[in-house]
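Notes follow once the structure below has been shown.
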Amino acid sequence: MGRHQHPHLPTTESAVRAIRAVAEEFHLEMTVTDDIGADQTSRRTAAGVFTVLDPDGSLPHEAHVELGGSPSVSVRLFPEDDAQITLEGVVFEDVPRDSVPAFLRSAYGGLAHVKGRFFPPGWWLFVPLPGDETYKELVLGDLLNPWLSRNVR
């Protein structure tokens, strides 16, 4: 079975709207900070002073979303169609923007879980999405926080 096709989110703003829908679905508070322009976005540090447009004439838009509730989640949406999601302090890099809503539904819907492994050693946080798509990251540090501990399988 191949990867599940998520609804396409062509812009940062469409991704923010999709995250807002997930926040409403799970009754979560949400705050959004927007960075617009090549001189404001984090991946364009080489942009000149007062340079707002990219060389191709586009206006890059990056957003940082904080969601209230448990688990603790923040999402940084990049103009390059990917995101960085921090779930209870565990950072997931390079999540496709289209997968962000499904990732959040998995986290808030109780599907995300922690497993201990002997090899490679440590605790791993798994976030399964519909289809055969699963994200996993090593939980750094010796102790699990209360949410991670509750979700050990």
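All residue numbers in this chain count up from 1 along the given sequence.
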Pairwise distance CZ(Phe26) to CG(Leu67) - rounded to 0.5 angstrom: 11.0 Å
Distance in Å, Thr12 OG1 paired with Ile19 CD1, rounded so as to fall on 0.5 Å steps: 9.5 Å
Leu140 reachable from Tyr135 in the ILVMFWY side-chain graph, under 4.5 Å edges: no
Considering all heavy atoms, the nearest Pro10-Arg97 contact: O-NH2, 3.0 Å
Output a table of donor-acceptor pairs, distance under 3.5 Å, between side-chain atoms of residues 117-124 and any protein atom two or more places apart or on a different chain; print 'none' if there are none.
none

Ser14 OG to Asp98 CG distance, which is reported to the nearest 0.5 Å: 8.0 Å
Pro101 side chain near His6 side chain, heavy-atom distance below 4.5 Å: no
Audit row: Thr31, Val65, side chain to side chain contact (heavy atoms under 4.5 Å, CB included) steps and yes/no: CA-CA 6 Å; Thr31 58; Val65 180; over 6 Å; no
Hphob cluster co-occupancy, Leu148 + Val152, side-chain heavy atoms under 4.5 angstrom: yes
Heavy-atom closest contact (Leu9 atom, Ala15 atom, distance): CD1-CA, 4.0 Å
From CD (Glu62) to CG (Asp34), nearest 0.5 Å: 10.0 Å
Test item: Asp82 side-chain N/O and Val95 main-chain N/O as donor-acceptor pair under 3.5 Å: no
Side-chain donor-acceptor distances from residues 103-115 under 3.5 Å, at least two apart:
residue : atom : partner : partner atom : Å
Arg105  : NE   : Glu25   : OE1          : 2.9
Arg105  : NH2  : Glu25   : OE1          : 3.2
Ser106  : OG   : Pro128  : O            : 2.7
Tyr108  : OH   : Pro71   : O            : 3.1
His113  : ND1  : Leu111  : O            : 3.0
His113  : ND1  : Arg153  : NH1          : 3.4

Would you mind writing out the side-chain donor-acceptor pairs for residues 83-91 within the sub-3.5 Å range, not counting sequence neighbours?
residue : atom : partner : partner atom : Å
Gln84   : NE2  : Glu93   : OE1          : 3.3
Gln84   : NE2  : Glu93   : OE2          : 2.9
Glu88   : OE1  : Asn145  : ND2          : 2.8
Glu88   : OE2  : Ser72   : N            : 2.6

Val139 reachable from Phe126 in the ILVMFWY side-chain graph, under 4.5 Å edges: no
Derivation and outcome, side chain to side chain contact (heavy atoms under 4.5 Å, CB included), residues Val73 and Val75: CA-CA 7 Å; Val73 176; Val75 180; 4.2 Å; yes
Closest non-hydrogen atom pair, Gly68 against Leu28: O-CD2, 3.2 Å
Separation between CG of Leu125 and CD of Glu137, rounded to the nearest 0.5 Å: 8.5 Å
Distance, nearest 0.5 Å, that separates CZ of Arg20 from CE of Met30: 4.0 Å
Ser99 and Glu133 side chains, donor-acceptor separation under 3.5 Å: yes
Shortest non-hydrogen contact from Val32 toward Ala63: CG1-CB, 4.3 Å
